[in-house]
Amino acid sequence: MMNINPIDIPAIPVQNRIGDSLQNRGEREEKKLKAAAQSFESFFISMLFEKMQKTSGDNNLFGKGT
């Protein structure tokens, strides 16, 4: 049986790979969050304009169209 000295194990590169994968996961999560926020913002603004248009009556700011 072979004895392995803990000093012989290259721990630093493994830790760097783990750190890199965590950083990549964090970047992916950040991109997902940003996309979700932009989607919600788009939906919110769309609903806001729809409600504003319904309450404006015949006095349209931009005429009779979108």
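- Phe40 and Phe43 have tilted rings, their planes meeting at an angle from 30° to 60° on a 0 to 90° scale.
- Inter-residue side-chain proximity for Met52 and Leu48 is flagged as met; some heavy-atom pair is nearer than 4.5 Å.
- Enclosure of atom CD in Glu27 by more than 12 non-hydrogen atoms of other residues, nucleotides or ligands within 6.0 angstrom is indicated.
- Other cluster members for Leu33: none, since no ILVMFWY side-chain heavy atom sits under 4.5 Å from it.
- In terms of the side chain to side chain contact (heavy atoms under 4.5 Å, CB included) criterion, residue partners of Glu41 (sequence neighbours excluded) are, by chain and number, Ile45.
- Side chains of Arg28 and Arg25 form a contact here, defined as non-hydrogen atoms less than 4.5 Å apart.
- Atom-to-atom distance recorded for Met47:CE and Ser42:OG is 11.5 Å, nearest 0.5 angstrom.
- Gln38 pairs by the side chain to side chain contact (heavy atoms under 4.5 Å, CB included) definition with Lys34, not counting sequence neighbours.
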